[in-house]
Amino acid sequence: MQTSRGQSCIDCPRSPSERIITHISLMRLQRTVNALQKRILELKKEKHAIILGHNYQRKEVQEISDFLGDSYGLSVQASKTDAKVIVFCGVDFMAESAKILNPDKTVLHPNPKAKCPMAGMVDAKSLRELKAEHPGAPVVSYVNTSAEVKAETDICCTSANAVKIIQSLPDKKIIFVPDTNLGLYVQRFVKDKELVLWPGYCPTHMNIVKEELVKLKKLHPSAEILVHPECSPDVIDYADHAFSTEGIIRHVVSSPKTEFIIGTEENMIHRLRKEAPGKTYYAVPGATCPNMREITLEDVRDSLEKLQYRIELPKDIIKKAKIPLERMIAAGR
Ligand code: SF4
C-alpha cells in the first residue's frame, strides 16, 4: 500500500507488535466510525435532512454527505433542495450562504468553530470605506465572505467562475475582496481592467510553497502539478495548471496522466481517489485547513439530534446578500 506521501508499508518504522496494536486500534476506530455513520443516516431520514459536504471535509464526513463539492456546487445544491433541514459540513460562510438561499429552512452548522480565517479578513465597515474611496466601482466578493460583506456586494464569485464573472462586467475598475492571490490570478486574464484588491489570503494555500513542489517533482518527475488559484503567484507559475477544486477533479478524471501533485487542501485527495481511482496523488506538506477539520462525525450526529447550531441572520442582510449570490449562480461556472 502506498500513502499519499509516497511511503510504502515496508518503510513503516514500527515493530511487528506495534503494528498489531495499531491494526487492532484501527479496526476499533473503524467500528466506531461505521456506527456513527449508521446513526447519522437514520437521523437524516427522520429529520428530512440533507448533508452538504465540502471537498476539504474529513474522509468520514465526506462519506455521509449527500452532495460533495466546492463552494459553487454546494451553493447550487442548497438553492434547489426540497429538504426541510440542511446540515452544512463546511466553514461558517458556506452555511451562511445556504441560509441566505433558503431563509425559510433550518440550516445547521455542526461546529461553529469551523470558521474560515480568510472570510474574517474583511468586514462590512471596511468594505464600505473602500467603496467610498472608489465611487462607482462594483464590488465582486469571493464567496468566502460573511453575510454582511455579501450584503455590500454586487456579485459573488468562486474560484471556478471568478474570471468569467469579472470579464462579464462592463466596468474598467472593480473592487475584489478578500483574496489577493485569487485577484492576482484573475488579473492575468483581464488585462483591460483594474482590480482593486484587498490584503486577504488563505493561510492553508499560503503554506503551499514552491520549494516543496520542486522537491515533490524531483521525487515524482512524471507527476503533473495542479494547484488552486488561492496559492501565491510563484506557486501558480511553477504548476502545470491552476484550477478550482471541481476543476482539479474534472482535469484528473479526463487526463491520460496517472500521477498528480495536488496543491490544495489535502483532504481533496479522498475525493480524487473516489472520482479517479487507480491514479496516484501526492499531497503537499502543510496543506491542511484545521478549520475544515473541526467538523467530526460526532458533531454531525449531535447537530441532527439536537438541531444545532442553527444559522440565524437578520432579514435585511439576507435580502441584500441574496442578490449577489443569486447573480453568481445565474452566471454559472
Ligand atoms: S482552505 Fe483556506 S479558504 Fe478554505 S476554509 Fe480553509 S482557510 Fe478558508
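In each ligand, atom 1 is the first atom listed, and ligand 1 is the first ligand listed. Just so we're clear, the structure is a prediction, and the values are computed from it rather than from any experiment.
- In terms of modelled atom types and a separation under 3.5 Å, the side chain of Thr81 and the main chain of Gln77 share no donor-acceptor contact.
- Per-residue contacts place Cys116 under 4.0 angstrom from the following atoms of ligand 1 (heavy atoms of the residue considered): 3 (S), 5 (S), 8 (Fe).
- Each of Glu152, Glu133, Glu148 was scored for a salt bridge (Lys or Arg N to Asp or Glu O under 4.0 Å) with Arg128, with one residue passing: Glu152.
- Protein heavy atom closest to atom 6 (Fe) of ligand 1, with residue, atom name and distance, is Cys289 SG, 2.4 Å.
- Shortest contact from atom 2 (Fe) of ligand 1 to any protein heavy atom: Cys202 SG, 2.3 Å.
- Judged by distance alone, the side chain of Gln57 and the main-chain N or O of Gln62 form no donor-acceptor pair under 3.5 Å.
- Using a 4.0 Å cut-off between charged side-chain N and carboxylate O, Lys172 and Glu194 make no salt bridge.
- Short contacts between ligand 1 and Pro117, defined as distances under 4.0 Å to a heavy atom of the residue, involve ligand atoms 7 (S).
- Within the 4.0 Å heavy-atom cutoff, Glu230 counts among the residues contacting ligand 1.
- The side-chain hydrogen bond (donor to acceptor under 3.5 Å, both in side chains) test with Tyr56 singles out one residue from Asn291, Thr264, Asn267, and that residue is Thr264.
- Atom 3 (S) of ligand 1 has Asn144 ND2, 3.3 Å as its closest protein atom, hydrogens excluded (heavy atom only).
- Nearest protein neighbour of atom 4 (Fe) of ligand 1, counting heavy atoms only, is Tyr56 CE1, 4.1 Å.
- Looking at Glu265 against ligand 1, nothing comes within 4.0 Å, counting heavy atoms.
- Counting atoms of ligand 1 from 1 in the listed order, those under 4.0 Å from a heavy atom of Val91 are 5 (S).
- Within 6.0 Å of NZ on Lys131 lie more than 12 heavy atoms contributed by other residues, nucleotides or ligands.
- Remark: aromatic rings of Tyr282 and His220 are close, center separation under 6.0 Å.
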